[in-house]
Amino acid sequence: MTETDQDVYAGALAEYSALRTEITTRINLQHQVLALHMTAVSVVFSIALSGGARWPVLLVIPFISYASSEIMASLFRAIEGIASYIDEELIPKVPGGLGWESWLIRHKPGSEVARLTHPYYLLFPGISFVSLAAIGPFSWTGRMDAHHLGLSFWIVVSAWSVAAVFAVLSLKAVRRLRAPF
C-alpha cells in the first residue's frame with residue numbers, strides 16, 4: 001500500500017467516524033422528538049379528560065403529530081443520505097470495506113405488513129385519528145347547543161376538518177420514512 005493509498009484510507013476512516021457520529025446525533029434527536037411528542041400528546045389528553053368543555057383541545061393533537069412526524073422524516077432522510085454517502089463514496093476507499101450500511105439495506109424488512117405494524121403508525125397518525133374520532137361526535141352534532149349553532153360550533157367543525165387533513169399528512173410522512181423497519 002502506497003503512502004497515498006494510506007492517506008486515502010486514513011481520510012476515509014476519519015470521515016466515516018465523523019459521519020457515524022452525525023448519525024448518532026440525529027438518532028438521539030429522533031428519540032428526543034419521540035419523547036416530546038408522547039409528552040405533548042399525554043398533556044393534551046389530560047387536559048381534555050379533566051372535565052368541562054375542554055374536549056376541543058384534542059384538535060391540537062393532529063397538528064402535533066404532523067409536526068413531529070415531519071421532523072422524524074427529515075431526520076431519517078438525513079441519516080439515509082449519510083448512510084448512502086458512506087456506502088457509495090467511503091466503502092470503496094477502505095480495503096475490506098465498511099459494511100454496516102450495506103448490511104442494513106440488505107436486511108430491511110421487505111414485507112408491507114412489517115412496515116404497517118411499526119409503532120410509528122400508532123404514535124403519529126394513529127393517535128391523531130383517535131383524537132378526531134373522540135371529538136367527532138361532539139363537533140359534528142353540535143352538542144354544545146343543539147338549538148343554536150353559534151360561532152364556536154363552526155370554529156370547532158372547521159378546526160376538526162383542518163385537523164383531519166393534518167392527520168392524513170402525518171400518515172403520509174410516516175409512509176415516507178426510510179427507517180430500518
Hey, mind stepping through Leu34 and Tyr120 against side-chain contact (heavy atoms from CB on, under 4.5 Å) and telling me if it holds?
CA-CA 9 Å; Leu34 285 173; Tyr120 287 162; 3.8 Å; yes
Please determine whether side-chain hydrogen bond (donor to acceptor under 3.5 Å, both in side chains) holds for the pair Tyr16 and Glu89, giving the CA-CA distance in whole Å, both sets of side-chain angles, and the decisive distance to 0.1 Å.
CA-CA 10 Å; Tyr16 175 77; Glu89 300 294 326; over 6 Å; no
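- Across every non-hydrogen atom of Ser128 and Ile61, the tightest pair is OG-O, 3.9 Å.
- Both Val44 and Trp160 are assigned to one and the same hydrophobic cluster, defined by single-linkage of ILVMFWY side chains at heavy-atom distances under 4.5 Å.
- Leu49 and Val130 fall into different hydrophobic clusters, defined by Ile, Leu, Val, Met, Phe, Trp and Tyr side-chain heavy atoms under 4.5 Å apart, directly or through other members.
- Hydrophobic clustering, with ILVMFWY side chains joined whenever heavy atoms are under 4.5 angstrom apart, groups Ile27 together with Tyr85.
- Look at Glu22 and Arg26 and you find a salt bridge, because one of the NZ, NE, NH1 or NH2 atoms lies within 4.0 Å of a carboxylate O, short of that distance.
- Under the 4.5 Å side-chain heavy-atom criterion for grouping Ile, Leu, Val, Met, Phe, Trp and Tyr, Phe129 is not connected to Leu169 through any hydrophobic cluster.
- Under the 4.5 Å side-chain contact rule for hydrophobic residues, Ile135 and Val60 share a cluster.
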Start with the C-alpha distance between Arg54 and Ser50, add both sets of side-chain angles, then the distance that settles side-chain hydrogen bond (donor to acceptor under 3.5 Å, both in side chains), and finish with yes or no.
CA-CA 8 Å; Arg54 296 183 181 160; Ser50 67; 2.6 Å; yes
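- With values rounded to the nearest 0.5 angstrom, Ile86 atom CD1 is found 6.0 Å from Arg20 atom CZ.
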Between Tyr66 and Val165, does the side-chain contact (heavy atoms from CB on, under 4.5 Å) criterion hold? Intermediate values first, please.
CA-CA 10 Å; Tyr66 172 68; Val165 169; over 6 Å; no
